[in-house]
Structures are given as structure tokens and as C-alpha cells.
*Asks:* 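Can you read through this structure? Questions will come right after.
All figures in this text were calculated on a predicted structure; none of them were measured in a lab. Note: hydrogens, waters and symmetry copies are ignored here, and every other heavy atom, side chains too, is used.
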Amino acid sequence: MGILLLKNLTIRYDGKPVVRDFNLEVLDGEMVALLGPSGTGKTTVLKAVAGLLRPHQGEIFIDGQPVNHLPPEKRSAVMVFQKSLLFPFLNVEQNIAFGLRMQRRQGRDTIKEIREIMQLTELAGLGRRKVHELSGGQQQRVSLARALVLKPAILLLDEPLSNLDANLRQQMRELIQDIQAETRITTLFVTHDQAEALMISHRVGLLLNGRLRQVGDPRELFYRPADPEVACFFGGCNFITGRIKDGHFHSAFATIPTSLTNGNGHLMTATIRPEDILITSESNYFQGRVQKINFEGSATRIWVQCQDNRFVVLTSDADFTPGQHVGLHLPPEKIRIFPSAEESV
């Protein structure tokens, strides 16, 4: 069993808050990705859970027990860092066994546990190799095995794949996903890579400027962002300002049907994802002119100027040219509307 609960965490560096009012629960057997840009406090949260730094405010609970006062070795939480941090003078098997030996665990059962974890992490047959004889991916698998063999309640992963090339990173994502599914170990995974977070986790927490802005399943954050900043982080780049009245969103650009009835005349911001806009050569939609085209392999990114608004469209149809007049269809069901940061006039 492993349940992690973080309540009202605030952590400061040099008197400045890096993490503020942070609340998160990771359920037993769940993998949660903590996502956000560099410097936003993700690793700071992991270090607090691991006991490597103490929060200035708030409580950390593991399996219902407060652990703020406990040193790292007394918490059932193990952290795997961005760098593998292996001992170069020990071989693979000795590196994996290091934590067990620090706990004075030896004997046949221990050897069996090490062999089983090496099989699980695809390290079978590499036990006698030294660190310098391993690839980057193999080194990270050793770090992961060294953590897993301790059977912690909570596994903490601090961007363990960021130093790997694209192919290795994808392989390691799948391996971590498979291991977590098999072991059901409760995992908090830190990354700045959106694709990684969306692929590997049951839920995602987005951390921006030290605050947890939204937590939910990957599709929820991607398609139903809580505010324009969350939408922007996940690739939203089409924003329109207007007001809701009589079942329509009214803007200088267009009037669009909406199921929302609230708003009370205040300024609102509407957004639609680039891949949700339909672009066509027909003229019975909103009219625009192609400004720029980028071919991206399986999709083409097109910038279209419509009056004072510029839209970015992602489409599989590459049959457009700069300067061409096109029509844009914005499906009402794909549009998200938020309160505007501006005050109503």
C-alpha cells in the first residue's frame, strides 16, 4: 500500500516562495505526473517528499502517517534522479544491492529479490558489468532497479529520461509504464515533457509559477483546461475576447453559438485548439487569408489571418499556399470559454 498526501505545502528559497499552497493526493497504485516548465518547483516537491528538504509550511503524509519530522531513510519513499548517480567502482548487481546492504539485508532471499528486479528492469545477464560499460538507458534502469528492490511505498522519479535520446526515451517510457502496471507501486513522476506526462500517467498535475493549476486525467488537461494559461501550456494558441449573451459568444471577430448562459456581460476569453479548426477552400465559413505554412510531417501548421485575429490551424491537408483565401469553421462544441483577466467595461 502507498498513499501520498501533500497538504498546503509552501517551500521557500532565500525567502522567496518556490512552491505555494501545494495540495495533491496520489492514490495507492497510481502514477501521477507532475508537469511544468523548468524552475517551477517540481523537483522541490519531490525533495520535500523524499525528506531532502523540509517545507516551511504544510504537511506530508505517507500511508496516513505524517513524515515531516522523519529523515529520508525512515520514510518509505525512494527518489530516482535525473542523473543515474551509480557507484562506478561497483558492478550492476552491487549497485542494485547497495540500499539493501545499508539496511543489513543479505542472504538467499535478498539475492533472489535482486535477480527478480533485474529481470523486471531488463538487466538480466548484466549483473557483472561495471557502470562505464553500460549505455545511458541501462544506467537509468540500474537506478530504477536500485529503488524498486527496496519496495518503497512511494517511488519518486525526477526527470529520469531527460538525458536520453528520443528512441531510448520512448523505450524507457514504455518500460516504466509496464513496470508500474506490474508492481502497482505508487509513483510521482516529474517531467517538463508534455507528451511524456500525457502518455505515462494516470493523472497529471500542472505546476506553473509554484502553484498547482490543474490536476486531472491527461485528456482532461489537454481538452478541458481550467484557464487560458493551462490551455496555452498544452498548445492552445487561438484566443478570442468577447461576451456571452443570448446563447452566443459575441466578439469583434464573429458571433459563435455556445451552451454557456453565464457571464453577465463580462469580458470572456474563448479558445480552440489548432487541430479542432476545419480549414477549407470553400467560402461559406469565416473568411481568412493564409499567411504562413509549416510542413510537420503527418500534419501541416497553417497561420490564417481573419480580420484582426490570427489563427493557427493544424491539418493533415497540405494543399494550401500562402496568400490563398480560405474558410475556417470553428465547431462550437470544441470551444472553451473562460473569464477574461481583463475587467469588464
*Asks:* Just wondering, do R301 and K292 contact through their side chains at under 4.5 Å, heavy atoms?
*Replies:*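 K292 vs R301: side chains apart.
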
*Asks:* Against V80, only a single residue in L156, L85, L155 fulfils side chain to side chain contact (heavy atoms under 4.5 Å, CB included); can you say which?
*Replies:*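 Option passing the side chain to side chain contact (heavy atoms under 4.5 Å, CB included) with V80: L155.
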
*Asks:* In terms of heavy-atom contacts, does CD of Q119 have more than 12 from other residues, nucleotides or ligands at under 6.0 Å?
*Replies:*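 For Q119, atom CD is not crowded (no more than 12 foreign heavy atoms under 6.0 Å).
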
*Asks:* Between K245 and R243, is a side chain to side chain contact (heavy atoms under 4.5 Å, CB included) present by the stated rule, with each step listed?
*Replies:* CA-CA 6 Å; K245 184 180 179 183; R243 291 178 170 83; 5.9 Å; no

*Asks:* With a 4.0 Å cut-off, would you call E93 and R115 a salt bridge?
*Replies:*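 Answer for the salt bridge query: yes.
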
*Asks:* Any side-chain heavy-atom pair from L188 and L24 closer than 4.5 angstrom?
*Replies:*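 A side-chain contact under 4.5 Å exists here.
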
*Asks:* For N91, does its backbone N or O pair with a side-chain atom of Q94 as donor and acceptor, under 3.5 Å?
*Replies:*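 Indeed, once roles are kept as given, a pair shorter than 3.5 Å links the two residues.
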
*Asks:* Examine R273 relative to F234 and say whether NZ or CZ is less than 6.0 Å from the centre of the six-membered ring and inside a 45° cone about the ring axis.
*Replies:*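 Judged by the rule, R273 and F234 form no cation-pi pair.
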
*Asks:* Any non-hydrogen side-chain atom of D193 less than 4.5 Å from a side-chain atom of R173?
*Replies:*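 A side-chain contact under 4.5 Å exists here.
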
*Asks:* Can you list the steps and then say if R169 with E196 is a side chain to side chain contact (heavy atoms under 4.5 Å, CB included)?
*Replies:* CA-CA 9 Å; R169 193 179 307 131; E196 195 164 88; 3.6 Å; yes

*Asks:* Please find the pair of heavy atoms, one from F338 and one from P225, that lie closest to each other, and give the distance.
*Replies:*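 Closest heavy-atom pair between F338 and P225: CE2-O, 3.1 Å.
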
*Asks:* For L90 and N95, work out which heavy atoms get closest and say how close.
*Replies:*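 Closest approach of L90 to N95: O-ND2, 3.1 Å.
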
*Asks:* With a 4.5 Å cut-off on side-chain heavy atoms, are R146 and L86 touching?
*Replies:*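 SC-SC contact between L86 and R146 confirmed.
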
*Asks:* Step by step, would you call F22 with L34 a side chain to side chain contact (heavy atoms under 4.5 Å, CB included)?
*Replies:* CA-CA 12 Å; F22 186 97; L34 191 56; 4.0 Å; yes

*Asks:* Are F233 and P37 close enough that some pair of their side-chain heavy atoms sits under 4.5 Å apart?
*Replies:*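 A side-chain contact under 4.5 Å exists here.
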
*Asks:* To the nearest 0.5 Å, what is the distance between CG (N238) and CZ (R310)?
*Replies:*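 Between N238 CG and R310 CZ, I get 10.0 Å after rounding to 0.5 Å.
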
*Asks:* Would you say T191 and I200 make side-chain contact, with heavy atoms under 4.5 Å?
*Replies:*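 No. Closest side-chain heavy atoms not under 4.5 Å.
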
*Asks:* Just wondering, do N23 and L6 contact through their side chains at under 4.5 Å, heavy atoms?
*Replies:*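 Contact flag for L6/N23 side chains = no.
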
*Asks:* Hey, what's the ring geometry for H329 with Y285, parallel, tilted or perpendicular (30° and 60° as the breaks)?
*Replies:*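 Rings of H329 and Y285: tilted, 30 to 60°.
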
*Asks:* Is there side-chain contact between P72 and R75, with at least one heavy-atom pair below 4.5 Å?
*Replies:*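 Contact flag for P72/R75 side chains = no.
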
*Asks:* Take a 6.0 Å sphere around CG of D319 and say whether it holds more than 12 heavy atoms from other residues, nucleotides or ligands.
*Replies:*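 12 or below, so no.
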
*Asks:* Is V32 reachable from V215 through a run of I, L, V, M, F, W or Y residues, each pair having side-chain heavy atoms under 4.5 Å apart?
*Replies:*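 Yes.
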
*Asks:* Quick one: closest heavy-atom pair of A145 and T121, and the distance?
*Replies:*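 Nearest pair, atom of A145 first, then T121: CB-OG1, 3.7 Å.
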
